[in-house]
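Here is the structure we will look at.
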Amino acid sequence: MSEQEQYLTELLKDVVFQIEQHPSNSPLRKQLVNLLNRKSPNNEQPFKIREHK
């Protein structure tokens with residue numbers, strides 16, 4: 001993984017963490033969850049957001 005890819009991966013992990021801490025009824029959170037839960041070309045969801053229980 002290149003330095004740029006590693007940076008972007010870490011950045012997205014930080015974004016995921018912040019979104020998971022945000023109230024689940026927020027419209028912005030819902031939009032970001034939809035974006036981050038998208039499947040990659042190899043059918044994975046590396047940045048899937050966990051829902052609050």
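We count residues from 1, following the sequence as given.
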inquiry  = So which atom in Lys48 and which in Asn37 form the shortest heavy-atom distance, rounded to 0.1 Å?
reply    = CA-OD1, 3.1 Å
task = Please report the closest heavy-atom contact between Arg29 and Ile19, naming both atoms and the distance.
result = NE-O, 3.0 Å
ask   = Does a side-chain heavy-atom distance below 4.5 Å link Gln31 with Leu28?
value = yes
Non-neighbouring partners of Gln18 that pass side-chain contact (heavy atoms from CB on, under 4.5 Å), sequence neighbours left out = none
note = Students should find that the hydrophobic cluster of Phe17, defined by side-chain heavy atoms under 4.5 Å apart, otherwise consists of none
request  = Hey, could you give me the CG/CD distance between Leu11 and Gln6, rounded to the nearest 0.5 Å?
outcome  = 12.5 Å
Straight-line distance of Leu36 CG to Gln45 CD, nearest 0.5 Å = 10.5 Å
query = Do you reckon Leu12 sits in the same ILVMFWY cluster as Leu32, going by side-chain contacts under 4.5 Å, direct or chained?
reply = yes
key: Partners meeting side-chain hydrogen bond (donor to acceptor under 3.5 Å, both in side chains) with Asn42 (sequence neighbours left out)   = Ser40
